[in-house]
Structure formats: structure tokens, C-alpha cells
Amino acid sequence: MTTIRAIRGMNDILPDESSYWQYLESAVAAVLTSYGYGEIRLPLVEQTALFRRSIGEVTDIVEKEMYSFDDRNGESLTLRPEGTAGCVRAAIQNGLLGTPQRLWYSGPMFRYERPQKGRQRQFHQVGAEAFGIATPDIDAELILMTARLWRVLGIADHVQLQLNSIGSSAARQAYREALVNYLSGHREALDEDSQRRLQSNPLRILDSKHPGTRDVLANAPVLTDYLDAESREDFARLCELLQAASVSYVVNPRLVRGLDYYNKTVFEWVTDKLGAQGTVCAGGRYDGLVAQLGGKPCPGIGFALGKERLVLMLEALALAPPAAASADIYVVNAGAAAETAAFAALETVRDALPALRIVQHAGGGSFRSQLKKADKSGARWALIWGEDEVAAGTVTVKSLREQGLQESLPVADLAGYLAHHSSP
RNA sequence: GUGGCCGUAGCUCACGUGGUAGAGCACCGGAUUGUGGCUCCGGAGGUAGCGGGUUCGAGACCCGUCGGCCACCCCA
């Protein structure tokens with residue numbers, strides 16, 4: 001019989017690792033909440049058309065990476081490959097866009113990709129989106145939030161902010177023509193992938209890794225020179241605001257986005273700690289997306305951060321809190337009568353001290369073997385019930401962290417004793 | 001979708017050019033008939049990913065397949 005395995009690229013997160021995730025998630029929630037962002041919980045499954053219309057028909061995500069399937073009624077559905085589209089859909093559908101909105105969400109996304117370091121088929125993002133504000137102050141706010149998060153997590157020294165403006169769609173169109181024009185003249189010097197992208201997605205050639213292609217790009221026209229006046233001004237203002245808040249950044253004129261809906265501000269936080277998948281957080285403005293999805297025109301901007309990648313960084317830098325012991329108290333009980341007495345007494349203790357983590361030994365075994373497990377659990381105290389205790393109506397409390405500390409007391413006094421001794 | 005490297009005990013890995021499996025850690029028991037950590041003794045656990053081939057003989061060599069990692073692509 002063949003054993004069933006998890007789907008490739010869809011990983012289990014085991015208890016040892018989940019402490020990092022909880023640490024990350026609580027930090028993220030605290031920072032976003034402190035800026036007034038409200039959590040929105042979205043479905044994992046949406047109509048396929050939502051992603052086709054937002055992400056762009058010719059991106060790899062839509063062309064070959066979506067988990068799409070027909071529902072029982074024949075409608076084509078897709079496991080969400082990213083969060084913005086669903087968030088925009090929900091904001092429109094629920095009438096949230098009459099006033100500015102600050103929203104965030106967290107959860108799994110799905111793309112059929114070849115797994116590698118920092119890239120899974122089921123991966124997890126936190127996203128934040130701000131709607132209804134066209135001015136660059138909100139751009140700055142979002143970036144400040146992420147910068148604060150890195151400080152809270154302790155990774156600020158290991159990430160770098162890259163910034164660019166990709167302008168209005170008209171400006172981008174003009175630039176695109178100029179770029180294609182220039183690159184076509186050096187076609188033979190480009191790598192195979194970039195030659196193909198000359199047709200499909202010329203702007204993506206800008207972040208090609210091929211040395212030959214990068215040489216050609218050195219003299220290519222620069223997007224900045226094609227920007228419309230408003231994009232130029234907004235970008236300058238954003239830079240001012242970031243400087244005022246002491247957030248350092250690097251303007252990268254070749255920074256572009258993979259998804260079609262972006263315009264004006266785009267940004268990316270990158271690290272050299274993760275190998276090839278060095279982008280830890282990325283986002284930008286998408287002023288046309290709401291209208292594109294059928295809502296009344298409404299500007300928007302947002303970012304997404306990759307939780308796996310941040311967890312990898314926390315692990316690499318040993319930054320998460322030390323793994324906590326799994327128990328405060330481990331209960332040793334030998335024999336049926338002792339087991340009965342322990343069950344009865346412990347429920348009373350749990351009522352009185354709900355925060356106490358009490359692990360009751362299960363499965364039998366000698367006192368010796370049970371004490372071994374008590375020690376391994378990391379608990380500070382062992383409670384011991386055996387024939388002697390049952391006969392006397394007592395329980396033995398033994399310190400596992402201090403030499404020779406052990407005493408017996410009436411079961412009725414147990415909760416009070418623990419309340420007194422187990423507080424930190 | 002493409003490429004490189006790799007699949008031996010629960011984990012990390014040994015097993016010079018083929019002679020039919022081993023260590024450390026973890027686990028279980030004992031030394032201590034009701035007391036953990038240290039130490040010592042013992043034990044259990046593997047159809048060497050799977051299938052085929054070469055060979056007297058394959059964990060080792062060859063082919064296929066599945067899986068993993070990393071990179072390309074793409075992207076958070």
C-alpha cells in the first residue's frame with residue numbers, strides 16, 4: 001500500500017515552526033491595527049474571471065499557474081493566487097468604497113509553480129490595502145507600516161527598500177514602445193527569455209538576471225524620463241515623506257511589477273538572506289483596478305508580504321522567541337484509583353487556574369518512566385498520585401527545577417498551593 | 001515548463017574500485033520493587049523511494065519512474 005503524501009509544494013507547519021508563525025502573525029496584526037487597518041477575511045475560492053480581469057491575461061500566473069476547476073454547476077472557480085483581487089471584489093460588493101478604507105488580510109495563496117527556497121505552491125501572505133486616497137501620503141503610510149514591522153521583528157538591518165514610479169498607463173505605453181524599439185536593435189544580444197518577452201511583457205526584461213541582457217539595458221531608455229507630471233510630483237512627495245520619517249530607500253528605475261494592475265508608486269523590500277527569492281514584501285498603487293472590476297472609480301494601493309520568507313529570515317537570524325516549554329505542570333499517576341483521583345482534582349484546578357498548562361500523563365508506565373516524560377516536557381512541577389496519596393487523600397508536588405523540593409498536601413489545597421507557587 | 005544535485009533506521013549521516021547494513025541522537029526497558037535530569041547496561045526499529053536491467057552476487061553500476069532540495073522561469 002502506498003502511503004499518501006502531501007501535495008508537492010504544500011507543506012505542513014509543525015509545532016516547532018508554528019511558534020515562529022505565531023510570533024510573526026501577532027507582530028503583524030499589532031502593527032497594522034495600530035495604524036487603524038481593519039482585518040477582512042476573504043474566501044479562498046473566487047470566480048476565475050476575477051483573476052483574469054485583474055492580474056492580466058498574459059501573465060504566467062493566469063496562463064499556467066492557477067488552480068482552476070469547474071464547480072458542480074459548471075462555473076469556473078480558482079483558488080486565489082493573490083489577495084488584492086478578492087479584497088477589491090469584496091470592497092465593491094459590500095459597498096465599502098464610499099469612504100476611504102484601510103484593510104488587511106492574511107492567509108494562503110495558491111500557484112502551480114516549481115517549489116524552491118522561499119516558494120511553495122500553497123504559500124501565505126499578509127496583505128494591506130488602502131482605498132479611496134489618491135495622494136502620496138497614503139503611499140508613505142503603507143511603507144512606514146512595513147518599515148515599522150521590520151523594526152518590531154528585528155530584521156530592519158537585513159532588508160532594503162526599493163522604490164520606483166511606473167507612471168500612468170499612457171506614460172508606460174510610451175515608454176514601452178521606446179524600450180521595445182531600443183531593445184529590438186540589440187535583439188541578438190538578448191537572452192532567449194528576454195527575446196520572447198519583447199512580445200509578451202517587455203517591461204519585465206528590465207529585471208532580467210542575464211549579464212548580456214543587463215549590458216544592453218545599461219544604455220536603454222529610462223522609465224523615469226517618460227513619466228507624466230502628476231506621477232513625477234507624487235513620487236517626489238513620497239520620497240520627501242519617507243525622508244521626513246527617516247526611512248531610507250533606493251530608487252530603482254528598473255523596478256517593475258509582474259501584475260498588470262499597478263501604476264505610479266511601486267516598491268519592494270528585498271533581502272540577501274534568502275537566496276534567489278529575496279523579495280519579502282512588495283506592493284504598489286492600482287488606481288484603475290476598482291473600476292476595472294466593475295466598481296465606481298476609486299484609487300487604491302497595497303502590499304503583500306510573504307510569510308514563509310519572513311519566517312525563513314527569523315529562523316536564519318535566530319530572532320523568534322525561544323521555544324516555550326509545552327507544559328507548566330506534568331501529572332504523574334499510577335494505577336486506576338490514582339488516575340481517577342487525578343482526573344477529578346485536575347478539573348477543579350483548571351477551573352481555578354485556566355492559564356496553567358497542565359499535561360496529564362496518559363498511557364500508563366512506571367513512576368520512573370512518567371517522571372522522565374515530566375522532565376522532558378519542560379514542566380516546572382510534577383504532581384504525583386499513587387496508592388499512598390489516594391489512601392491519604394493527598395497529592396505530592398515535586399519541583400522539577402529545584403533540587404529536593406517535594407511535599408505532600410491535601411488534594412483540597414492543591415489549587416490554592418499552585419496559585420501561590422506557579423505564578424512567575 | 002527547463003537544468004543541476006540528492007533519496008540508507010523517527011532524525012542527521014556512514015558503508016574506499018559491487019560480496020547481501022552501521023553510528024550518533026531520539027525511542028523502549030533495566031541498574032533505582034514509588035521518583036526525572038548525569039552515568040552505565042540492554043533492546044526495538046531498515047523488502048537501502050519504487051520498478052526493471054547488468055552480474056554468480058547490487059545500497060553501490062545502467063535505464064525508467066516517483067519524491068526532495070537548489071537554480072532558471074515567474075513572483076510575495
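Proteins get letters first, then strands, A, B, ... in listed order; numbering begins at 1 in each.
- Using a 4.0 Å heavy-atom cutoff across all strands shown, A/Gln406 reaches at least one base atom of the nucleic acid.
- Taking A/His158 as the reference, nothing meets the ring pair (Phe, Tyr, Trp, His ring centres under 6.0 Å) condition, with sequence neighbours excluded.
- With both ends at atom P, the span from B/rG10 to B/rC50 equals 13 Å, rounded to whole Å.
- With rounding to whole Å, A/Leu14 atom CG is found 16 Å from B/rA26 atom C1'.
- Inter-residue side-chain proximity for A/Glu141 and A/Arg102 is flagged as met; some heavy-atom pair is nearer than 4.5 Å.
- Remark: the backbone N or O of A/Leu190 is not paired with any side-chain donor or acceptor of A/Ser194 at under 3.5 angstrom.
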Using a 4.0 Å heavy-atom cut-off, write out nucleotides 64-76 of chain B from 5' to 3' as B (base contacted by protein), S (sugar-phosphate only) or - (no contact).
-> ---SS-SBBBBBB
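- Comparing B/rG22 with B/rG4, their C1' atoms are spaced 30 Å from each other, to the whole Å.
- Using a 4.0 Å heavy-atom cutoff across all strands shown, A/Glu192 reaches no nucleic acid atom at all.
- Taking the P atom of each, B/rA71 and B/rC11 are spaced 24 Å apart, rounded to whole Å.
- Between B/rA21 and B/rU12, the distance separating the two P atoms is 24 Å to the nearest Å.
- To the nearest angstrom, P of B/rA31 lies 7 Å from CZ of A/Arg368.
- For the pair A/Lys372 and B/rC27, the criterion of a side-chain N or O lying under 4.0 Å from OP1 or OP2 is not met.
- Qualifying ring pair (Phe, Tyr, Trp, His ring centres under 6.0 Å) partners for A/His210, counting only residues two or more places apart in sequence or in other chains: none.
- Residues of residues 137-167 of chain A that place a heavy atom closer than 4.0 Å to RNA chain B do not occur.
- In the interface, the side chain of A/Asp375 is not paired with the base of B/rG37 through any donor and acceptor atom under 3.5 Å apart.
- Comparing the C1' positions of B/rC25 and B/rA14 gives a spacing of 14 Å, expressed to the nearest Å.
- B/rC62 and B/rG16 have their P atoms separated by 16 Å, given to the nearest Å.
- A gap of 16 Å separates the P atoms of B/rG30 and B/rA44, to the nearest Å.
- For the pair A/Asp388 CG and B/rU35 P, the computed distance is 11 Å after rounding to whole Å.
- Base pairing in RNA chain B yields stems of at least 3 consecutive Watson-Crick or G-U pairs, both distances under 3.5 Å, namely B:1-7 with B:66-72, B:10-13 with B:22-25, B:27-31 with B:39-43, B:49-53 with B:61-65.
- Within the 4.0 Å cut-off from OP1 or OP2 of B/rG37, not a single side-chain nitrogen or oxygen of A/Lys398 is found.
- When the ring pair (Phe, Tyr, Trp, His ring centres under 6.0 Å) test is applied to A/Phe367, no partner is found at least two apart in sequence or on another chain.
- One P atom belongs to B/rA60, the other to B/rU17, and the distance between them is 12 Å to the nearest Å.
- Screening A/Trp21, A/Tyr105, A/Phe110 for a ring-ring contact (aromatic ring centres under 6.0 Å, His included) involving A/His124 leaves a single residue, A/Trp21.
- Contacts of A/Leu310 with the nucleic acid, taken as non-hydrogen atoms under 4.0 Å apart, are absent.
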